[in-house]
Amino acid sequence: MSSDIHPSAIIEEGAQIGEGCIIGPFSLIGAEVVLGANVHIKSHVVVTGQTEIGEGTVVFPFSVIGEVPQDLKFKGEKTALKIGARNRIREHVTINCGTEGGGGVTVIGDDGLFMAGCHIAHDAHLGDRVIVVNSSAVAGHCIIEDDVIIGGLCGIHQFVRIGQGAIIGALSMVTNDVIPHGLVQGPRGELDGLNLVGLKRRGVARADITALRAAFQMLAQGEGTFQERARRLGEDSESDYVQQIVGFVTGASDRSFLTPGN
């Protein structure tokens with residue numbers, strides 16, 4: 001099956017267009033772009049730079065994908081953007097390529113939903129099934145793990161990590177790392193509990209949810225530093241979900257952590 005390219009679209013020489021792609025009116029596909037099979041680029045989209053987009057992804061009008069970073073340290077070095085399969089990238093979304101100082105590549109996983117007007121900055125790494133709601137911004141060098149939901153009008157500070165399954169409520173500014181399955185809300189984001197709704201929707205066993213509740217209470221009220229409490233959790237619990245939190249908290253962090261009640 002051949003691709004369907006509108007006559008008004010501009011496909012620069014060197015671009016690789018997969019089987020079954022649809023490229024709409026007045027869109028631009030740059031010379032170093034690689035589109036997987038069945039990618040749908042709607043009208044008035046710019047895809048440029050050394051950008052790969054995985055099969056089945058749909059990019060809606062007026063999005064700009066793969067442009068240079070909004071970073072004054074960027075001097076035109078060769079960097080990349082890699083977007084996985086089956087993502088939905090809605091209107092006016094911007095996703096930038098990486099920088100030499102940040103590893104050189106921005107990465108988006110599979111099956112994400114990026115709602116209208118959101119921004120993913122240079123060198124960010126997002127996992128699978130991530131949802132970024134309208135007009136939210138993920139700053140440079142962030143790590144967003146699988147199954148995270150970032151509510152509308154949020155700001156995620158550069159170098160922040162958000163653990164798997166966490167949810168960030170609307171209108172929150174997140175300046176520190178968020179534990180896996182955490183619930184953050186408030187204008188200056190506070191760790192306010194666990195994402196229990198998300199856990200239940202994913203079919204997590206009741207025993208694991210109970211273990212996570214107990215772990216959260218120990219992190220909130222136990223003695224010692226946040227990291228010391230987490231290490232004790234690792235010794236006391238056999239739940240894989242609790243161990244995931246322990247590994248996250250005891251790992252490297254550039255921004256410290258949101259802690260319960262801070």
Side-chain angles (χ1 to χ4, degrees), residues 54 56 84-88 107-115 118 120 124-133 136 138 142-152 154 156 160-172 174 176-186 189-222 224-253 255-262:
R86 299 175 302 280
N87 288 285
R88 296 295 178 267
V107 178
I108 308 289
D110 299 335
D111 301 300
L113 172 58
F114 302 89
M115 296 190 190
C118 72
I120 310 299
H125 286 223
L126 280 64
D128 298 337
R129 300 174 300 280
V130 170
I131 298 174
V132 182
V133 181
S136 289
V138 177
C142 289
I143 297 175
I144 313 297
E145 296 185 353
D146 296 346
D147 302 303
V148 167
I149 298 174
I150 298 172
C154 287
I156 312 300
V160 159
R161 299 181 302 148
I162 300 181
Q164 182 175 356
I167 185 168
I168 312 299
L171 297 167
S172 293
V174 181
N176 299 98
D177 292 354
V178 178
I179 61 171
H181 314 293
L183 165 65
V184 172
Q185 54 189 355
E190 297 180 357
L191 183 61
D192 202 31
L194 296 169
N195 183 13
L196 296 174
V197 172
L199 290 164
K200 291 172 182 176
R201 283 176 176 171
R202 290 195 294 275
V204 174
R206 183 183 296 272
D208 282 310
I209 292 177
T210 300
L212 281 168
R213 284 178 179 270
F216 188 84
Q217 288 301 312
M218 183 172 176
L219 286 173
Q221 300 174 357
T225 67
F226 192 61
Q227 283 84 356
E228 288 170 348
R229 291 176 231 163
R231 290 189 187 96
R232 286 201 299 275
L233 278 177
E235 298 168 359
D236 296 342
S237 177
E238 296 181 358
S239 167
D240 289 341
Y241 289 87
V242 174
Q243 293 298 331
Q244 185 181 25
I245 292 176
V246 172
F248 186 90
V249 173
T250 56
S253 173
R255 295 293 306 170
S256 189
F257 296 89
L258 289 181
T259 57
N262 73 347

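Everything numeric in this text was worked out from a predicted model, so none of it was measured.
Using a distance-only test at 3.5 Å, with no hydrogens or angles considered, a donor-acceptor pair links the side chain of Asp110 to the main chain of Ala85.
Taking CZ of Phe226 as the reference point, atom CD1 of Ile179 lies at 5.5 Å (rounded to 0.5 Å). Within the model, atoms CG of Asp192 and CG of Leu183 stand 5.5 Å from one another, a figure rounded to the nearest 0.5 Å. Atom CG of Leu196 and atom CG of Leu212 lie 8.5 Å apart (nearest 0.5 Å). Interatomic distance, CD of Glu145 versus CG of Asp128, reported as 11.5 Å (0.5 Å rounding). Of the inter-residue distances, the one linking Lys200 atom NZ with Asn195 atom CG reads 10.5 Å to the nearest 0.5 angstrom.
Minimum heavy-atom separation, Met218 to Arg229: O-CD, 3.4 Å. Taking each heavy atom of Val130 and Leu126 in turn, the nearest pair found is CG1-CD2, 4.0 Å. Taking every heavy atom of both residues into account, Asp240 and Asp208 meet most closely at N-OD1, 4.3 Å. Residues Ile156 and Cys142 approach most closely at CG2-SG, 3.8 Å, considering heavy atoms.
By the 6.0 Å contact criterion, CZ on Arg202 is enclosed, its count of non-hydrogen atoms from other residues, nucleotides or ligands being greater than 12.
In this view, Asn87 satisfies the side-chain hydrogen bond (donor to acceptor under 3.5 Å, both in side chains) rule with no residue, not counting sequence neighbours. Evaluation of the side-chain contact (heavy atoms from CB on, under 4.5 Å) rule for Ser253 yields Arg161, Asp177, Phe257 as partners, not counting sequence neighbours. For Cys154, the side-chain contact (heavy atoms from CB on, under 4.5 Å) partners are Ser136, Ile150, Ile168, Ser172, not counting sequence neighbours. Residues passing the ring-ring contact (aromatic ring centres under 6.0 Å, His included) test with Tyr241, sequence neighbours excluded: His181. Among residues two or more places apart in sequence or in another chain, the side-chain hydrogen bond (donor to acceptor under 3.5 Å, both in side chains) test is passed with Thr250 by none. By the salt bridge (Lys or Arg N to Asp or Glu O under 4.0 Å) test, Asp111 is found to be paired with Arg86, residues two or more places apart in sequence or in another chain being considered. Residues that satisfy the side-chain contact (heavy atoms from CB on, under 4.5 Å) test with Ile149, not counting sequence neighbours, are Ile131, Ile167. Annotation: side-chain hydrogen bond (donor to acceptor under 3.5 Å, both in side chains) contacts of Arg255 (sequence neighbours excluded): none. With sequence neighbours excluded, the residues that form a side-chain contact (heavy atoms from CB on, under 4.5 Å) with Leu171 are Leu153. Shown here are the side-chain hydrogen bond (donor to acceptor under 3.5 Å, both in side chains) partners of Gln243, two or more places apart in sequence or in another chain: there are none.
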Let me check something: any side-chain donor-acceptor pairs from residues 230-237 under 3.5 Å, sequence neighbours excluded? List them with distances.
unit_1	atom_1	unit_2	atom_2	d
Arg232	NH1	Glu223	O	3.4
Arg232	NH2	Glu223	O	2.4
Ser237	OG	Ser239	N	3.2

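Glu190 and Gln185 share no side-chain donor-acceptor pair at under 3.5 Å.
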Practice task
Test Leu113 against Val132 for side-chain contact (heavy atoms from CB on, under 4.5 Å), laying out the working first.
Solution key: CA-CA 6 Å; Leu113 172 58; Val132 182; over 6 Å; no
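Counting heavy atoms from C-beta on, the side chains of Val184 and Val174 come closer than 4.5 Å.
Across Ile245, Leu191, Thr259, a single residue satisfies side chain to side chain contact (heavy atoms under 4.5 Å, CB included) together with Leu219, and that is Ile245.
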